[in-house]
There are 2 protein chains.
Amino acid sequence: METTLPLYEPDVLNVNCRSRLAFDVVSDKWTPLVVYALRRGGRRYNQLRRDVGGVSAKMLSQSLRRLEADGLVERRVTPAVPPEVEYRLTPLGSTLLTPISVLVAWAEDHYLDVERHRAAGGATRP
Amino acid sequence: METTLPLYEPDVLNVNCRSRLAFDVVSDKWTPLVVYALRRGGRRYNQLRRDVGGVSAKMLSQSLRRLEADGLVERRVTPAVPPEVEYRLTPLGSTLLTPISVLVAWAEDHYLDVERHRAAGGATRP
DNA sequence: CTGGATCCTATCCGATACTG
DNA sequence: CAGTATCGGATAGGATCCAG
């Protein structure tokens with residue numbers, strides 16, 4: 001026995017294609033941050049940009065379009081001057097908040113451990 | 001109130017720097033896959049390469065060195081011919097398995113939903 | 001305000017070749 | 001087996017300008 005954690009065991013040992021989806025969706029610089037920023041409900045474009053912080057307009061658009069295409073985010077336009085566009089998580093998208101929140105909780109718990117190791121590290125291997 | 005899910009609430013609304021760590025570690029193409037592939041215990045370099053699947057030697061080395069520097073993976077060399085190098089999760093690294101497993105579980109649950117939407121999607125917005 | 005279009009650069013990353 | 005070094009194409013991503 002190598003680990004006592006209650007792990008999810010999909011296949012024998014390899015990473016199957018269903019699991020890959022999770023890494024596909026999350027292994028992007030901005031997408032998970034955008035989802036996380038939408039956890040409280042609908043947000044508008046420039047609000048999102050400020051919330052996420054450091055994302056360019058181009059990348060935010062790209063992430064949002066991708067999330068829309070995956071059915072995780074819904075785009076709701078209110079015709080007005082100036083135009084109002086609100087993005088919100090779909091029910092499916094909301095289910096992603098659970099894994100992401102667990103991840104954020106992990107970071108809160110182990111932030112210092114990793115930071116300390118990074119600072120001291122580098123000298124670990126020639 | 002916008003959502004009834006039991007969400008982790010770090011700050012007012014923005015994504016704080018501690019949370020960023022989580023996205024930093026995970027928002028990489030290979031790193032989370034490598035951690036996940038190590039869930040059962042120590043693996044050797046080429047074993048890992050086969051397990052992860054599709055990763056080049058260069059990228060695997062890079063990910064492993066980074067994980068080492070972050071204190072998430074330990075590199076254990078057994079002097080022998082041919083040389084034996086085993087990678088295994090540190091206790092700290094093992095804690096990452098929980099978020100990753102939750103993520104994988106999510107993918108198992110919602111794989112078809114996302115796939116279906118991707119196939120039908122694209123026509124959603126002009 | 002909400003973006004699309006364009007240009008340009010930094011980096012990612014795979015292929016190949018080579019070392020111990 | 002377990003890597004490192006280098007090259008070169010692909011892609012990510014920022015800056016800027018412009019439109020509805």
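In what follows, every chain begins at residue 1, and chains take the letters A, B, ... in the order their sequences are listed.
- Here B:Arg44 reaches the OP1 or OP2 of D:dA2: one of its side-chain N or O atoms lies under 4.0 Å away.
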Exercise. Could you walk me through whether B:Glu68 and B:Arg65 pass salt bridge (Lys or Arg N to Asp or Glu O under 4.0 Å), step by step?
Key: CA-CA 5 Å; B:Glu68 231 189 313; B:Arg65 266 185 274 117; over 6 Å; no

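- D:dC1 atom P lies 16 Å from atom CD of B:Glu86, rounded to whole Å.
- Heavy-atom distances under 4.0 Å link DNA chain D to B:Pro82, B:Pro83, B:Val85 of residues 78-85 of chain B, given in residue order.
- An OP1 or OP2 oxygen of D:dG3 is reached within less than 4.0 angstrom by a side-chain nitrogen or oxygen of B:Tyr87.
- With A:Val85 as the partner, the side-chain contact (heavy atoms from CB on, under 4.5 Å) test is satisfied by one option alone out of A:Arg76, A:Arg44, A:Arg75: A:Arg75.
- Computed from coordinates, the A:Arg75 CZ to C:dC1 P distance equals 16 Å when rounded to whole Å.
- One atom, CD of A:Gln62, and another, P of D:dT11, lie 12 Å apart when rounded to the nearest Å.
- OP1 and OP2 of C:dT2 both lie 4.0 Å or more from every side-chain N or O belonging to A:Ser61.
- Applying the 4.0 Å criterion to OP1 and OP2 of D:dG3, one finds that B:Arg65 has every side-chain N and O outside that range.
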Give me the distances for all protein-to-nucleotides 14-19 of chain D N/O pairs that come in under 3.5 Å?
residue: D:dG14; atom: OP2; partner: A:Ser56; partner atom: OG; Å: 2.8
residue: D:dG14; atom: O6; partner: A:Lys58; partner atom: NZ; Å: 2.5

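- A:Leu60 has its CG atom 8 Å from the P atom of C:dG3, to the nearest Å.
- Overall, the helix from C:dC1-D:dG20 to C:dG20-D:dC1 carries an axis bend of 40° between its ends, with five pairs at each end and the value rounded to 10°.
- Counting to the nearest Å, the P atom of C:dT2 and the CZ atom of A:Arg49 are 11 Å from each other.
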